[in-house]
Amino acid sequence: MEFAEYQHRLEKQHGLPIEQIMRNIYIDKDYGPATGAQALGIPRQAFMHFVQEFNLKPEKLERL
C-alpha cells in the first residue's frame with residue numbers, strides 16, 4: 001500500500017487531516033514509532049514517513 005492510501009484510510013477513519021492524527025498520536029499521546037504504528041494499524045515505515053513529512057520530531061523533542 002502506498003503512503004497516500006494509508007493517509008486516505010486514516011483520514012476517513014478518524015475524520016481528521018493526517019497531520020492532526022499524527023500530532024495526536026506522536027506528540028500528544030507521546031507514542032513512539034512502533035506503538036503509534038500499531039495504534040493506527042499501519043506499518044512503522046508509514047508512521048515514520050508521516051512523522052518526517054510533517055517534521056514532528058523536533059516538536060516532540062521540545063516537549064521533553
- Query: Do the side chain of Glu11 and the main chain of Ile18 share a donor and acceptor less than 3.5 angstrom apart?
  - Reply: yes
Could you grab the distance from atom [atom1] of [X] to atom [atom2] of [Y], nearest 0.5 Å is fine?
{"X": "Leu16", "Y": "Met22", "atom1": "CG", "atom2": "CE", "result": "13.0 Å"}
{"X": "Leu40", "Y": "Phe47", "atom1": "CG", "atom2": "CZ", "result": "6.0 Å"}
{"X": "Gln38", "Y": "Ile25", "atom1": "CD", "atom2": "CD1", "result": "11.5 Å"}
{"X": "Ile27", "Y": "Glu59", "atom1": "CD1", "atom2": "CD", "result": "3.5 Å"}
{"X": "Asp30", "Y": "Lys60", "atom1": "CG", "atom2": "NZ", "result": "4.5 Å"}

- Please list, chain by chain and in numerical order, all residues satisfying ring pair (Phe, Tyr, Trp, His ring centres under 6.0 Å) with His49, sequence neighbours excluded. Phe3
- With sequence neighbours left out, write down each residue that passes side chain to side chain contact (heavy atoms under 4.5 Å, CB included) with Arg44, or none if nothing qualifies. Pro33, Ala37, Met48
- Query: How would you list, by chain and number, every residue that makes a side chain to side chain contact (heavy atoms under 4.5 Å, CB included) with Glu19, sequence neighbours excluded?
  - Reply: Arg23, Phe54
More than 12 heavy atoms of other residues, nucleotides or ligands under 6.0 Å from [atom1] of [X]: yes or no?
{"X": "Glu5", "atom1": "CD", "result": "yes"}
{"X": "Gln45", "atom1": "CD", "result": "no"}
{"X": "His8", "atom1": "NE2", "result": "no"}

- Message: According to a hydrophobic-cluster definition based on side-chain heavy atoms being under 4.5 Å apart (Ile, Leu, Val, Met, Phe, Trp, Tyr only), do Tyr31 and Leu61 belong together?
- Response: no
- Check the pair Tyr6 / Phe50 against side-chain contact (heavy atoms from CB on, under 4.5 Å), numbers first and verdict last. CA-CA 10 Å; Tyr6 289 119; Phe50 293 124; 4.2 Å; yes
- Do Arg9 and Ile42 have side chains that get closer than 4.5 Å, going by heavy atoms? yes
